[in-house]
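What follows is a set of notes on a single structure, which appears directly below.
We name chains A, B, ... by the order of the sequence lines, and we start the count at 1 in each one. This is a predicted model, so every value here is computed, not measured.
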Amino acid sequence: MALTTESPPSQGLAAAARLKMLRQMLTIRAFEHRVGEFYERAEMPGITHLSIGQEAVAVGVCAHLNRNDYITSTHRGHGHCYAKGAGLVPMFGELLGKANGYCRGKGGSMHIADRETGHLGANAIIGGGIPLATGAALSAKVLRNRGVGVSFFGDGALNEGILLESMNLAAIWNLPAIFACENNHYGEYTPTDQVTAGRLTLRGEAFGIPSAEVDGMDVLAVYDATDAAVQRARGGGGPSFFVFDTYRYLGHGMSDRTRPYRSQEEEDEWRSQRDPIERLRNQLLGAGLCSESELDAVGQEVRAEVEEAARLAQEAPFPDPEEVDRHVFAD
Amino acid sequence: MALTTESPPSQGLAAAARLKMLRQMLTIRAFEHRVGEFYERAEMPGITHLSIGQEAVAVGVCAHLNRNDYITSTHRGHGHCYAKGAGLVPMFGELLGKANGYCRGKGGSMHIADRETGHLGANAIIGGGIPLATGAALSAKVLRNRGVGVSFFGDGALNEGILLESMNLAAIWNLPAIFACENNHYGEYTPTDQVTAGRLTLRGEAFGIPSAEVDGMDVLAVYDATDAAVQRARGGGGPSFFVFDTYRYLGHGMSDRTRPYRSQEEEDEWRSQRDPIERLRNQLLGAGLCSESELDAVGQEVRAEVEEAARLAQEAPFPDPEEVDRHVFAD
Amino acid sequence: MSSPTEARQLTFSQAVNEAIREEMDRDHRVILFGEDVAAAGGVWKVTEGLLDRFGAERVLDTPISEAGIAGLGVGAAMTGLRPIVEIMFGDFLPLASDQIVNQAAKTYYMSGGMTSVPMVFLTSMGAGRRLAAQHSQSLQAWFAHIPGLKVALPSSPHDAKGLMKTAIRDENPVIFLQDKVDIYQKGPVPDPSHEYTIPFGRADVKREGEDLTLIATSSMVRQALDAASELAEEGIESEVIDPRTLAPLDEESLLDSVRKTARCLVIDEGYQRYGAGAEIAALVGENLFYDLEAPVRRLGAMDVPVPFSPTLEDLTIPRKEQIVEIARQMLED
Amino acid sequence: MSSPTEARQLTFSQAVNEAIREEMDRDHRVILFGEDVAAAGGVWKVTEGLLDRFGAERVLDTPISEAGIAGLGVGAAMTGLRPIVEIMFGDFLPLASDQIVNQAAKTYYMSGGMTSVPMVFLTSMGAGRRLAAQHSQSLQAWFAHIPGLKVALPSSPHDAKGLMKTAIRDENPVIFLQDKVDIYQKGPVPDPSHEYTIPFGRADVKREGEDLTLIATSSMVRQALDAASELAEEGIESEVIDPRTLAPLDEESLLDSVRKTARCLVIDEGYQRYGAGAEIAALVGENLFYDLEAPVRRLGAMDVPVPFSPTLEDLTIPRKEQIVEIARQMLED
Ligand SMILES: Cc1ncc(C[n+]2csc(CCOP(=O)(O)OP(=O)(O)O)c2C)c(N)n1
Ligand SMILES: Cc1ncc(C[n+]2csc(CCOP(=O)(O)OP(=O)(O)O)c2C)c(N)n1
Ligand SMILES: [Mg+2]
Ligand SMILES: [Mg+2]
């Protein structure tokens with residue numbers, strides 16, 4: 001049950017739309033690099049997981065979504081958060097535990113959320129966000145608002161039982177749910193295929209859910225693959241499952257520097273052959289949709305924007321101590 | 001990935017072996033009827049779930065197992081317990097909460113177990129026994145004792161996440177585990193297909209586990225289907241998954257008398273067209289392997305045996321009050 | 001208005017059913033799902049008739065997927081619905097406890113107050129029905145321990161109805177525990193024309209007395225009242241007080257009662273060790289050290305898995321006789 | 001024998017590693033599995049080197065399937081192995097808690113003593129590492145509440161090694177909680193040639209004193225010892241006692257200490273409400289009512305999900321300053 005369409009929807013995308021995707025991917029990458037700097041300089045508390053290399057999935061999927069659509073994300077979730085519409089300052093603020101963060105500093109990198117843009121939250125429980133987005137899809141169905149619920153999760157979450165339960169529920173209730181697996185081939189330090197049996201898309205097909213493997217390093221491929229799924233979901237056609245083939249360029253977390261569980265060659269190959277930003281950049285240039293210098297200018301703008309946001313967040317105050325026992329219960 | 005063999009192994013079964021299967025099914029049915037009587041007469045505490053109609057699965061699978069093989073069972077587990085080798089008196093004793101029960105009356109119908117015959121226990125958590133039998137398969141592999149671990153579970157357990165996790169673990173570790181699903185088409189009062197998406201065997205195939213749907217009303221079909229799987233497991237060939245098509249003739253529990261969720265016609269059809277005992281009986285008679293009167297005599301013997309066991313259990317004492325806080329911890 | 005105190009006799013199960021019905025009438029965002037809750041009306045008949053009244057989009061039978069249905073409930077609650085999710089037996093809460101504890105309980109806080117999770121986990125608790133170790137537990141202490149969760153455990157049909165209505169209207173996840181040993185017991189419930197809710201964190205004095213305070217929850221309230229009657233014959237006047245919710249806990253009312261009586265026994269059906277009674281006993285001990293005339297005592301279930309055999313099971317559940325005996329000892333102190 | 005008290009300095013993580021290694025050497029039935037425990041040696045380095053030493057059949061990396069690996073562990077324990085199953089963070093125990101609570105804890109009892117479940121759930125606990133609400137919990141009260149489970153939470157590398165060896169040899173399921181804030185802290189551990197185990201249910205007096213008993217667990221012992229030093233400067237002599245296992249609990253030693261000092265403060269890092277401290281406080285209050293000169297006090301984590309922001313997180317964890325302040329108050333009582 002592959003999800004294909006006759007002529008790829010991305011062919012109809014205006015240059016501006018493609019450029020926007022590029023800009024988003026560049027922003028995510030610059031954001032992540034800046035987060036890495038914070039961490040290296042010990043200016044950021046806790047741990048963090050960067051999504052460099054995986055930008056195309058977040059951007060390609062979220063391009064179909066609006067504010068009434070909900071996503072849930074993971075511990076590697078900065079890209080999803082930004083692609084869904086969040087702003088850089090409160091993102092940095094949250095990661096630094098500042099009062100101006102989306103969650104007032106209470107959530108941090110692993111729990112960042114932005115209700116306004118329909119982001120229900122990153123999650124530090126592997127698989128934890130899957131039923132939440134599926135529940136958002138249930139709301140959309142009951143409230144008949146044509147919304148969809150998208151859960152992003154890693155290949156590691158494929159082995160959490162909650163996936164089976166959520167997929168089955170989405171299937172029997174025909175929910176507008178999209179299960180978006182980012183297969184970056186490792187869960188922490190363990191290769192995915194060592195702990196994950198069978199063909200991955202079968203885990204969706206087992207429930208009669210249309211399922212497809214997609215090149216997650218190609219933002220237009222991601223865009224094309226999910227277009228029909230989102231439309232079908234909105235029209236009451238039920239859930240879809242995607243396994244996006246992708247790669248995290250850096251370590252699992254910041255402390256994972258040597259990455260003994262994989263080879264330098266492997267890393268080099270992904271970076272040099274399949275980089276999603278390079279790819280879209282070359283497409284745009286090849287199609288004559290913009291010039292090198294225009295793209296370089298975008299890159300500079302993005303970096304400046306990120307740097308400025310980082311500065312603002314860094315200057316922001318920590319939360320007031322009185323915040324500590326607020327928000328345990330809602331009134 | 002069907003599990004078929006060229007010529008069915010049951011063809012090689014001696015008449016005595018077939019007769020033994022018939023006798024086992026008759027005994028299970030008589031046992032269950034007697035349990036029902038206890039219940040109706042309010043002589044049995046708690047609740048109980050009878051397996052009348054489903055005898056062929058327990059008998060056909062367990063025919064391949066020996067004492068070093070382990071099973072786990074369900075709330076509808078008397079048949080598995082008997083087929084694995086348990087005795088009638090301590091079975092009745094356990095159901096009545098008597099001191100002579102397998103678990104000294106502490107477990108009851110939903111937790112009956114018999115270590116000596118390799119029965120790790122019925123389970124009152126749907127799906128709860130699945131990882132336990134898979135863990136037994138892990139032991140067998142590590143200890144290299146050629147044992148297998150069989151989990152019996154209902155169609156309801158197909159929707160518990162623990163199934164995904166157990167199957168995936170069995171597959172990646174190539175464990176001698178057999179997942180034996182008894183699809184009796186209802187979980188309590190809810191039709192299976194209403195809450196269970198997709199083709200059921202795909203839930204095993206998704207992990208690359210050889211999977212098959214089997215007529216669970218034909219004990220020889222069950223025997224044949226599982227023969228190769230058990231052998232393959234013993235030989236280090238990994239897990240298998242079976243969905244046995246079967247039917248519970250009576251209600252979910254004893255209080256489920258009117259069964260509004262299904263029709264009388266449906267019940268009649270299963271009983272009259274597919275009864276596993278009738279079927280084997282007719283085969284034996286048809287093949288001239290025994291006579292009507294011989295079979296009638298077997299039926300009478302079985303009933304007498306069951307009646308006698310029931311009597312002995314009923315006469316047995318309840319556990320000593322001092323038992324109450326024993327066995328919380330093992331020394 | 002018709003006569004205000006016209007009280008019908010309803011079972012717990014009927015009272016909760018009525019509460020859900022009224023709240024679903026009142027607020028279309030309230031939906032209900034769980035195993036066998038729709039067509040079959042629930043194994044305790046708590047949801048009978050709701051499918052007919054509200055239709056298949058608001059009352060849904062689910063697969064046997066406790067974690068999944070809990071999680072979908074949380075997600076739905078985050079996005080505009082107010083789900084009631086039934087987890088048939090409290091013993092199955094562990095299957096859903098990641099979603100309850102790590103998601104439902106923490107979302108409002110972790111999001112800095114952005115997203116609340118208004119939902120009810122409707123479940124059952126308690127031993128006494130010969131259902132053995134996996135169908136008889138009373139795990140209220142677990143959930144009362146987790147910041148962000150509220151825990152209600154009514155001891156009468158009247159309270160059950162009022163607390164359930166409050167639970168459904170609450171903006172937070174509520175664990176609602178029905179004591180199954182009493183679920184078909186009847187008690188007076190006002191006519192539906194007299195709507196009432198019972199606020200959380202408000203204890204109820206079930207019997208007044210001067211000599212001794214019995215703090216009891218769920219069906220232990222009945223045991224305590226029976227004990228109080230027996231003790232009264234000996235001239236010992238017990239006050240029986242039911243916190244009704246463990247979280248929030250009406251500390252003031254409990255302390256007021258013990259301040260008056262100077263003696264306190266806490267009875268809760270969870271396993272005694274590290275149980276809910278420990279919190280209350282510690283609280284009373286800490287706050288009323290100088291008022292107490294005897295040590296605060298506790299009575300919980302015996303610290304064993306609940307055995308199947310009736311002769312054993314009965315020994316594990318706190319019962320009137322034990323309360324009477326402990327109370328007598330305390331009065332001698 | 002070489003010199004008997006030659007104590008090396010080991011981290012908690014090294015001490016537990018050594019315990020596992022020794023026990024795996026000693027008993028071939030001991031196997032170990034969990035997420036990233038084999039090739040990577042565990043996220044806390046607790047299992048480093050074990051794959052090399054014992055091979056891939058006894059040390060296994062697993063998928064991210066907490067319920068599944070717990071359940072396979074239980075099944076393996078029932079059938080001849082003695083598994084150590086790592087659940088990376090204690091916050092993930094809820095995912096596995098059906099298997100822990102409904103299966104592992106109850107099997108021996110439900111089977112009437114037929115089948116024991118000798119296994120260890122190796123996990124971590126505690127806040128302070130800026131890991132936020134889902135990676136910082138201390139859920140020991142949950143598991144100590146369940147009959148059939150043992151719960152160990154060492155406060156020193158020495159205790160960690162001795163308790164882990166006992167845990168592995170125990171015939172019952174043991175929850176072994178490593179406080180991650182201290183996991184790379186060093187402490188003296190005897191040379192491997194001097195084998196030792198530490199029995200469960202045996203509290204350890206970490207400092208003697210006459211004025212006040214501080215009962216503390218896991219990293220709270222360090223806070224208590226620091227507080228005791230500070231208090232000593234004011235002439236207040238605190239006794240610091242660590243139960244080391246919450247189940248079984250060494251009631252006698254705890255009571256003996258409080259009998260001597262007549263004052264007691266319990267410090268445990270779980271959420272305070274319905275936490276482990278409540279049980280101990282209730283126990284002391286009940287047994288030593290006539291000996292106490294001040295109310296038993298408790299200090300647990302603030303009853304909020306653990307916040308990420310350092311400025312907030314630090315407020316939620318019990319700390320020396322609070323202990324000192326409460327102790328001073330108690331001495332005035
Ligand atoms: C329930 C749970 N188990 C384990 C962990 C620890 N952990 C954090 S990230 C991670 C690996 C996740 O792998 P994957 O889902 O593939 O995501 P990736 O990191 O590759 O993006 C693990 C095991 C966790 N956070 N939650
Ligand atoms: C975890 C869990 N959820 C729910 C139940 C309540 N329950 C008992 S039997 C049953 C139906 C099980 O259906 P199935 O697995 O098909 O077995 P069958 O009764 O048909 O043999 C349910 C829901 C339970 N015992 N455990
Ligand atoms: Mg991954
Ligand atoms: Mg069924």
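- Residues Glu323(B) and Arg326(B) are paired through a salt bridge, judged by an N-O separation under 4.0 Å between the basic side chain and the carboxylate.
- Contacts between Leu96(B) and chain C at a heavy-atom distance below 4.5 Å involve the backbone alone (N, CA, C, O).
- Using a 4.0 Å cut-off between charged nitrogen and carboxylate oxygen, Asp179(C) and Arg222(C) do not count as a salt-bridge pair.
- Ring geometry, His75(B) versus His49(B): the interplanar angle exceeds 60°, so the pair is classed perpendicular (tilted spans 30 to 60°).
- Interface residue Tyr189(B): backbone and side-chain heavy atoms are both found under 4.5 Å from chain C.
- In terms of heavy-atom pairs under 4.5 Å with chain C, the best-connected choice from Gly156(B), Gly101(B), Pro319(B) is Pro319(B).
- Within the 4.5 angstrom heavy-atom criterion, no atom of Thr196(B) approaches chain C.
- Here Gly46(B) is the residue among Gly46(B), Ala99(B), Ser109(B) with the most heavy-atom pairs under 4.5 Å with chain C.
- Ion pair Arg129(C)/Glu313(C) not flagged as a salt bridge, since none of the NZ, NE, NH1 or NH2 atoms sits closer than 4.0 Å to an Asp/Glu carboxylate oxygen.
- The parts of Glu66(C) that come within reach of chain B are both its backbone and its side chain, each placing non-hydrogen atoms under 4.5 angstrom from that chain.
- Under the 4.0 Å criterion applied to side-chain N and carboxylate O atoms, Glu315(B) and Arg311(B) are assigned as salt-bridge partners.
- Proximity to chain B is limited to the side chain of Leu95(C), based on heavy atoms less than 4.5 angstrom apart.
- Contacts between Asp314(C) and chain B at a heavy-atom distance below 4.5 Å are absent for every atom of the residue.
- The candidate with the highest count of non-hydrogen atom pairs below 4.5 Å against chain B, out of Thr311(C), Asp36(C), Val304(C), is Asp36(C).
- Counting only distance, with no hydrogens or angles, the side chain of Ser136(C) and the backbone of Ala127(C) share no donor-acceptor pair below 3.5 Å.
- In terms of heavy-atom pairs under 4.5 angstrom with chain C, the leader among Ile126(B), Ile125(B), Val328(B), Asp325(B) is Ile125(B).
- Using cut-offs of 30° and 60° on the angle between ring planes, the pair His80(B) and Phe152(B) is parallel.
- Comment: Arg76(B) does not engage Glu188(B) in a salt bridge, judged by the lack of any side-chain N to carboxylate O separation of less than 4.0 angstrom.
- Residue Leu163(B): no heavy atom, backbone or side chain, is found under 4.5 Å from chain C.
- Interface residue Thr62(C): only backbone heavy atoms are found under 4.5 Å from chain B.
- Aromatic rings from Phe31(B) and Phe92(B) are positioned such that their centres are separated by under 6.0 Å.
- Only the backbone of Asp320(B) comes within less than 4.5 Å of a heavy atom in chain C; its side chain stays farther off.
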